[in-house]
Amino acid sequence: MNKLANYLEGRWQEGAGAGSPVLDPVTGETLATVGADGIDMAAAYAFARNQGGTALRALSYAQRAELLGAIVKVLQANRDKYFDISLKNSGTVQNDSAVDVDGGIYTLSYYAKLGGKLTAGQLMADGTADALARDNAFATQHILVPVRGLALFINAFNFPSWGLWEKAAAALLSGVPVVIKPASATAWLTHEMVKDVIDAGILPGGALNIVCGRPANMLEALDSLDVVSFTGSADTAASLRNHPKIKLEGVRFNAETDSVNSALLGPDADDDAMGLLVREVVRELTIKSGQKCTAIRRILVPQARYATVAAALADKLKGITVGDPRLEGIRMGSLVSASQRDAIVAGIQKLEACSDIVFDGRQDIKIQAEGNQHAIVPPVVFGTQNPDTHPLVHEMEVFGPVATLMPYRDTDHALALARRGMGSLVASVYSNDPDFLAQAAISLAESHGRVHLINNDVAKVHTGHGNVMPQSNHGGPGRAGGGEELGGLRALRFYHRLSAVQGAPGVLEKIVN
Ligand code: NAP
C-alpha cells in the first residue's frame with residue numbers, strides 16, 4: 001500500500017495509524033492512504049518560516065522566478081505519470097486531466113516569465129513617493145515586502161495540480177514558503193508533484209512542504225503573520241473564518257468557494273450567438289464532469305429563445321459518451337468520489353422536485369462502465385419558467401454536470417437574475433451587439449470576479465467561460481468567498497505586506513532603488 005508521507009521539517013514523515021484511503025472512483029480500488037496523526041505542525045511551521053522563508057527572501061524576484069522555471073521542467077518531464085494518476089484517482093479523461101496538469105504547469109511558467117521581468121531587488125514599490133511637507137522636504141513611499149510567515153494552502157479535490165501551482169507560483173515568487181494541505185480524496189497527484197520537485201533539489205529546504213489528511217493543530221500552530229489560502233466549500237470557509245487564529249489574531253485569509261455562475265444570451269440573440277452559448281454550456285457541463293468552481297450553473301436566455309436553446313442543448317448532450325475514462329472514445333469520465341456522487345445525486349433530486357427537465361442523461365445516456373459502484377453521473381439540464389420564484393436555482397451549487405435553463409423578460413431582468421447568485425466567480429455573455437456586451441460587463445462587474453464577453457470576433461480564440469487564466473483575476477465577491485487570486489502581478493500582493501515609509505526623499509529613493 002502506498003502510504004503518502006508528509007514532507008515537513010526537511011524530511012518525509014508518515015502519519016501514525018492506518019490513515020484514510022485514497023480511492024479510484026471508477027473501480028473502488030484503494031490507491032494510497034493519507035494521514036497526519038502525530039505530526040508536530042508547530043515544529044513543521046517553524047522550520048518552514050525559519051529555513052524556507054529566510055532562504056527564499058535572500059533571493060531576488062528574478063532568482064525566484066528561475067526556480068519556478070526549473071520546477072516547470074521537472075513537472076513537464078513527468079507529465080505522463082501525472083496523467084496516469086489523474087485517470088486513476090480523479091476518474092478524468094485525458095483532456096480533462098490536461099486542464100489540471102497542464103493548467104498548473106502553464107500557470108507556473110507564466111509566473112516564471114513574469115517574475116523574470118521584476119526588479120532585481122527584494123521589495124516592490126507601490127506607486128511613487130508623495131510629498132508630505134512643503135518643497136518635498138518630507139515624503140511617503142509605499143512599499144510591499146514579502147510576508148515573513150508561511151503560506152498555508154487548504155485545497156479542494158477538483159484541481160490537485162492547478163490548485164497547488166496557481167497559489168504556489170505567486171507565493172514562491174514573493175519569497176514565501178508554502179505548506180500545502182491537499183484535499184484527501186485526490187491528494188496523490190499533489191503529493192507526487194511535490195515529491196518530484198523535492199527530489200530534484202530545486203528549492204531551498206523548508207520552501208515547499210506538504211501535509212496530507214487532517215493534521216491536528218493545523219490552524220492553531222499558525223502565527224499572526226502567516227497567511228492562509230483556502231479553496232473549497234462555503235461551509236468549510238465559514239468554519240475556518242471563525243477560527244480564533246483568523247477571527248481574532250489576524251491571520252490573513254483568502255477564500256475561493258462555491259459559485260452559481262451564469263451564462264447569458266443577449267436579447268438580440270442571433271443564431272451565431274446562440275450557437276456559441278450552447279457550445280460553451282455543453283463544454284462546461286462535461287469538462288471534469290462539471291466539477292469546476294467556474295462551471296456554468298445557470299443559463300439565462302430571452303423568453304423567445306428558451307425552447308430553441310433547450311432543444312439545442314438536448315441535441316448536443318445526447319451525443320456525449322460518458323463512462324470509464326480508460327475506455328476508448330469516452331468524452332466524460334467520473335466524479336472524484338462516491339461521496340461526491342451521492343452529494344450530486346441528492347442535489348439533482350432536490351432540483352428535480354421544483355424544476356422542469358430539459359435534458360436527462362440518466363434516461364438518455366448509457367453509462368459505459370463495469371458494474372454500478374462507480375461515481376459516474378451523466379449530465380442533467382433542468383429548466384424553469386419561474387426564475388424569480390424558484391426556491392433553489394440561485395442558491396444551490398450542485399458540483400457536478402448539472403445546470404438550469406431559465407428565460408428572462410428584458411435586459412434588466414437578465415442582469416438582475418445573474419446578480420441573484422449573490423456574488424459569482426464568472427458570468428459569460430453571448431451577443432453580437434457590442435453595446436449590449438459593454439453594458440452587461442459594466443453591470444455585472446460589481447458582482448462577478450470575471451466577465452467573459454463572447455461575439456463572433458472571438459469565437460475561435462476565446463479561452464473559455466470556465467478556464468482560469470493567470471493573466472485574469474480569479475475569485476468572486478459575496479458567496480464566492482470574496483477572494484482574489486492570479487491576475488498577473490496582483491497575485492503577489494496577498495504574499496506581501498504594504499507599508500508606508502515616511503522620510504527624506506533621498507532616503508526613500510535609496511529604499512526603492
Ligand atoms: P471542502 O469539503 O470544503 O474541502 C476543502 C478543503 O478543506 C479540503 O482540503 C478539506 O480536507 C479541507 N477541510 C474540510 N473541512 C475542514 C476543517 N474543518 N478544517 C480544516 N480543513 C478542512 O470542499 P471540497 O468538497 O473539497 O470542494 C468542493 C467545493 O470547492 C465546491 O463547492 C467548489 O465550488 C469549491 N471550489 C471553489 C474553487 C474556487 O476557486 N472558487 C475552486 C475549486 C473548488 P479533506 O479533503 O481532508 O476533507
Side-chain angles (χ1 to χ4, degrees), residues 257-281 284-285 293-310 313 351 355 358 381-397 403-459 462-466 472-482 484:
T257 60
D258 344 2
S259 175
V260 275
N261 313 294
S262 43
L264 163 55
L265 183 61
D268 60 316
D270 60 18
D271 287 348
D272 285 353
M274 190 189 79
L276 290 168
L277 170 123
V278 167
R279 195 175 72 172
E280 203 59 15
V281 170
E284 288 296 310
L285 273 168
C293 51
T294 48
I296 296 168
R297 306 290 174 206
R298 299 176 297 148
I299 311 152
L300 314 176
V301 299
Q303 179 76 62
R305 282 282 182 170
Y306 181 92
T308 326
V309 172
L313 285 172
L351 279 177
S355 316
V358 166
V381 179
F382 292 107
T384 177
Q385 288 301 322
N386 306 304
D388 294 311
T389 53
H390 194 288
L392 292 177
V393 76
H394 304 292
E395 281 91 45
M396 194 169 82
E397 178 205 51
T404 304
L405 178 65
M406 59 193 86
Y408 66 79
R409 293 183 297 275
D410 52 30
T411 300
D412 285 349
H413 189 213
L415 298 173
L417 288 174
R419 283 176 56 86
R420 290 276 303 273
M422 297 314 292
S424 301
L425 295 170
V426 52
S428 53
V429 188
Y430 305 79
S431 168
N432 278 307
D433 174 355
D435 290 334
F436 173 73
L437 288 175
Q439 179 196 358
I442 293 164
S443 170
L444 294 173
E446 184 269 339
S447 52
H448 292 77
R450 179 161 61 86
V451 183
H452 182 72
L453 305 177
I454 301 303
N455 62 7
N456 282 350
D457 297 346
V458 299
H462 74 84
T463 50
H465 165 105
S472 298
N473 174 56
H474 173 58
R479 73 163 284 173
E484 289 178 5

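This one's a predicted model, so the numbers in the text were calculated from it and none came from an experiment.
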Exercise: identify the closest heavy-atom pair between V281 and A263: CG2-CB, 4.5 Å

Identified side chain to side chain contact (heavy atoms under 4.5 Å, CB included) counterpart of V429 within the set L277, L444, N455, I454: L444

CZ-NE2 distance between R297 and H394, expressed to the nearest 0.5 angstrom: 15.0 Å

Interatomic spacing from OH in Y430 to CG in L276 - rounded to 0.5 Å: 8.0 Å

Point-to-point distance, once rounded to the nearest 0.5 Å, from CG of D388 to CZ of R409: 5.5 Å

T257 side-chain N/O to A480 backbone N/O, donor-acceptor pair under 3.5 Å: yes

Donor-acceptor contact present, side-chain N261 to main-chain S424, <3.5 Å: no

CG-CG distance between D272 and N456, expressed to the nearest 0.5 angstrom: 4.0 Å

Note, L453 side chain near H462 side chain (heavy atom, < 4.5 Å): no

Taking every non-hydrogen atom, the tightest pair across P267 and P302: CA-CG, 4.0 Å

Any donor-acceptor N/O pair, R298 side chain to V260 backbone, under 3.5 Å: yes

Derivation of the side-chain contact (heavy atoms from CB on, under 4.5 Å) call for D258 and M396: CA-CA 9 Å; D258 344 2; M396 194 169 82; over 6 Å; no

Basic-acidic side-chain contact under 4.0 Å: E395, R479: no

Nearest heavy atoms of P387 and R420, plus distance in Å: O-NH1, 4.0 Å

Distance-minimising heavy-atom pair for H465 and S428: ND1-OG, 2.8 Å

Interatomic spacing from OG1 in T411 to CG in D433 - rounded to 0.5 Å: 9.0 Å

Contact check, side chains of Q303 and Q385, non-hydrogen atoms, under 4.5 Å: yes

Closest contact, heavy atoms only, H448 versus A427: CD2-CB, 3.5 Å

Ionic contact status for R305 with D271, cut-off 4.0 Å: yes

R419 atom CZ, over 12 foreign heavy atoms within 6.0 Å: no

M422, CE: over 12 other non-hydrogen atoms inside 6.0 angstrom: no

Under 3.5 Å donor-acceptor, T404 side chain and V393 backbone: no

Atom pair OG (S431) and CG (L265), whose distance is rounded to the nearest 0.5 Å: 8.0 Å

Residues in side-chain contact (heavy atoms from CB on, under 4.5 Å) contact with A307, at least two apart in sequence or another chain: none

For the student: nearest non-hydrogen atoms of L264 and A414, plus distance: CD1-CB, 3.7 Å

